[in-house]
Protein chains: 2
Amino acid sequence: MPQENSAAKVLFHLKQDILTGFFVAGHKLKMSALKERYQVGVNPLREALSQLVVMQLVQVHDQRGYRVCPVSQTELVDIYDTRAHIESLCVGLAIERGDEAWEANIVAAAYRLQSNADLLKADGDLQAWEKLHQGFHYAIVKGCGSEELLRVRLDLYEKASRYRNLWLKHNAGHGAFDVNQMEHEQLVTAVLARDLESAKKLIFKHIIVPSQVLQGLL
Amino acid sequence: MPQENSAAKVLFHLKQDILTGFFVAGHKLKMSALKERYQVGVNPLREALSQLVVMQLVQVHDQRGYRVCPVSQTELVDIYDTRAHIESLCVGLAIERGDEAWEANIVAAAYRLQSNADLLKADGDLQAWEKLHQGFHYAIVKGCGSEELLRVRLDLYEKASRYRNLWLKHNAGHGAFDVNQMEHEQLVTAVLARDLESAKKLIFKHIIVPSQVLQGLL
DNA sequence: TGTTAGGTTAATATCGACATTTTAATCCTT
DNA sequence: AAGGATTAAAATGTCGATATTAACCTAACA
């Protein structure tokens with residue numbers, strides 16, 4: 001990566017630290033501690049924090065500093081419900097608009113996901129699996145062709161990942177991969193057959209159902 | 001308003017200046033000029049600019065400062081198309097979930113809009129009319145009950161307003177209010193009758209059609 | 001014993017200054 | 001005279017310092 005300013009580097013790492021749960025919800029983000037951790041001055045820190053405020057990962061209280069946004073069951077339900085609707089919208093548009101290259105990419109991504117699923121189930125590198133998983137679903141929704149919609153989708157995915165990582169911490173290595181894999185196959189079939197209604201229903205469930213498991217943790 | 005830090009004040013004003021077109025697309029945002037205009041130091045400015053970068057209203061080039069994001073016909077089409085889909089989604093969910101208070105608020109907002117429409121057509125205070133218009137549509141979508149979805153909707157609305165204000169500048173006092181008003185009446189009827197399909201189609205057109213006029217300006 | 005007032009400590013928000021980098025303007029060479 | 005190199009000017013990114021504000025602890029009083 002090219003030389004980027006300190007704020008951008010801090011943003012990247014701090015965002016990671018929040019999403020992965022290193023800084024838990026509600027945690028007070030003291031300048032002194034952050035300066036120490038990221039080895040930068042206050043001003044780049046404030047810039048990064050300002051950006052995280054817009055992303056709704058950090059709250060700012062005037063003259064009272066910054067804190068990691070609290071999590072709540074209400075927000076969890078809302079995010080996953082919204083994600084399900086947005087993803088469903090993306091899939092629908094992708095089926096209407098997707099071309100041949102789009103189809104090929106889906107098949108490729110599905111193959112990569114499936115061939116690595118077994119390996120990862122063994123050694124338990126869930127973050128790596130999640131990346132493939134993400135890539136698979138992105139291959140599908142990419143067909144909608146809308147930068148704006150894909151951005152909205154990504155924002156929601158990132159907001160959700162804080163909750164998802166919460167789950168990974170408590171349920172390390174205890175994944176329901178088999179069910180998941182079957183859902184993926186059904187999804188690919190419906191999408192490639194351009195079966196709009198089935199595909200939209202499948203993806204909606206694929207997002208909503210796991211969120212119901214998550215709800216038990218809060 | 002309570003005492004808020006400088007960055008928040010700058011953010012508000014600078015955002016306004018960009019959305020209303022005071023700072024046109026592509027304009028270089030020099031620190032010296034911004035310091036002069038908003039009467040603050042560099043650091044609050046950089047915080048505000050960082051936030052606007054996340055909102056995709058400002059671009060940052062490393063060591064080369066900030067510029068207002070360029071506009072393009074591609075983005076215009078994408079934003080309005082996405083807005084139409086999102087708004088349609090909101091309306092659909094609102095019809096499914098809205099209660100009696102929601103219905104009452106719609107009727108109230110529609111009344112306010114209609115009773116002020118004639119007045120504003122005369123003296124031409126389009127910004128005030130736009131606020132009522134916004135309020136009317138918000139009253140409808142509010143029924144979806146999803147904070148996340150409403151936030152996505154608001155973000156897109158704000159991004160679109162830069163294009164809308166571009167139109168207002170070139171077409172001052174030349175509104176198609178009558179057509180608009182009729183569409184609103186049809187929408188209210190469909191929504192209150194909980195006619196999902198009609199309402200979704202109406203709102204989709206209500207957003208898409210004006211955007212096609214806008215496309216001529218770029 | 002619970003509460004409030006005062007003083008102490010710590011943290012935040014902002015500014016001015018400096019080092020670094022980019023932009024421009026000028027000058028030299030061919 | 002044109003193009004490239006060199007120098008000057010301006011702008012950016014970062015840090016340290018300072019004033020202001022909130023949080024905390026202690027102690028006195030009801």
Side-chain angles (χ1 to χ4, degrees), chain A residues 1-19 21-71, chain B residues 1-19 21-71:
Chain A
M1 63 183 94
Q3 56 174 7
E4 48 189 358
N5 59 14
S6 301
K9 277 182 275 193
V10 170
L11 174 64
F12 179 80
H13 290 295
L14 183 50
K15 187 174 169 185
Q16 286 287 339
D17 284 339
I18 292 172
L19 292 181
F22 179 86
F23 289 127
V24 297
H27 183 266
K28 178 81 184 289
L29 295 164
K30 289 187 196 169
M31 286 297 171
S32 52
L34 297 179
K35 269 170 66 176
E36 179 75 18
R37 181 168 175 81
Y38 304 110
Q39 293 293 309
V40 289
V42 244
N43 295 29
L45 271 176
R46 287 183 64 87
E47 287 180 32
L49 287 165
S50 297
Q51 303 201 338
L52 289 167
V53 168
V54 178
M55 298 177 195
Q56 299 195 313
L57 293 175
V58 167
Q59 280 181 337
V60 56
H61 301 277
D62 265 330
Q63 313 287 356
R64 254 172 279 184
Y66 297 88
R67 321 189 137 262
V68 179
C69 275
V71 292
Chain B
M1 61 184 95
Q3 54 174 12
E4 46 187 0
N5 60 12
S6 301
K9 277 182 276 191
V10 171
L11 175 63
F12 179 81
H13 290 293
L14 184 50
K15 187 172 168 186
Q16 285 288 338
D17 284 338
I18 291 172
L19 292 181
F22 180 86
F23 289 127
V24 297
H27 185 265
K28 177 82 183 291
L29 296 165
K30 290 187 193 167
M31 286 298 172
S32 51
L34 297 179
K35 269 170 66 175
E36 178 74 19
R37 180 170 174 80
Y38 303 110
Q39 293 292 311
V40 290
V42 258
N43 296 30
L45 271 175
R46 287 183 65 86
E47 287 180 33
L49 287 165
S50 297
Q51 304 202 359
L52 289 168
V53 168
V54 178
M55 298 176 195
Q56 299 194 314
L57 292 175
V58 167
Q59 279 181 337
V60 57
H61 302 276
D62 263 332
Q63 312 287 357
R64 253 171 279 185
Y66 298 88
R67 329 188 132 259
V68 179
C69 275
V71 292

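Model, not experiment: these values are computed from the prediction. We use all heavy atoms of the structure for the numbers below, so side chains are in, but hydrogens, waters and symmetry mates are not. Quick note on labels: first sequence line is chain A, next is B, and so on, each numbered from 1.
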Between the protein and nucleotides 6-12 of chain D, are there any N/O to N/O pairs under 3.5 Å, and if so, what are the atom names and distances?
from	atom 1	to	atom 2	distance (Å)
D/dT12	OP2	B/Met31	N	3.3

Could I get a table of every N or O pair under 3.5 Å where one atom is in the protein and the other is in nucleotides 15-18 of chain D?
from	atom 1	to	atom 2	distance (Å)
D/dC15	OP2	A/Gly41	N	2.7
D/dC15	N4	A/Asn43	ND2	3.0

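At whole-Å resolution of the value, CD in A/Glu36 and P in C/dA11 are 13 Å apart. In this structure, A/Leu45 places its CG atom 16 Å from P of C/dT14, rounding to the nearest Å. Between the CD atom of A/Glu47 and the C1' atom of D/dT14 there is a distance of 9 Å, rounded to whole Å.
Among all heavy-atom pairs drawn from A/Pro70 and A/Ala25, the shortest one is CA-CB, 4.0 Å. Nearest heavy-atom pair across A/Val40 and A/Lys35 is O-CG, 3.1 Å. Minimum heavy-atom separation, B/Tyr38 to B/His13: CE2-CB, 3.8 Å. Taking every heavy atom of both residues into account, B/Gly41 and B/Pro44 meet most closely at O-CD, 3.6 Å.
Heavy atoms of other residues, nucleotides or ligands lying less than 6.0 angstrom from CD of A/Glu36 number 12 at most. Within 6.0 Å of atom NZ in B/Lys28, more than 12 heavy atoms from other residues, nucleotides or ligands are found, so the atom counts as buried in its surroundings.
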Query raised in the report: Yes or no on side-chain contact (heavy atoms from CB on, under 4.5 Å) for A/Val60 and A/Leu49, after CA distance, side-chain angles and deciding distance?
Result: CA-CA 9 Å; A/Val60 56; A/Leu49 287 165; over 6 Å; no
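For the side-chain hydrogen bond (donor to acceptor under 3.5 Å, both in side chains) test, residues two or more places apart in sequence or in another chain that qualify with B/Arg37 are B/Asp17.
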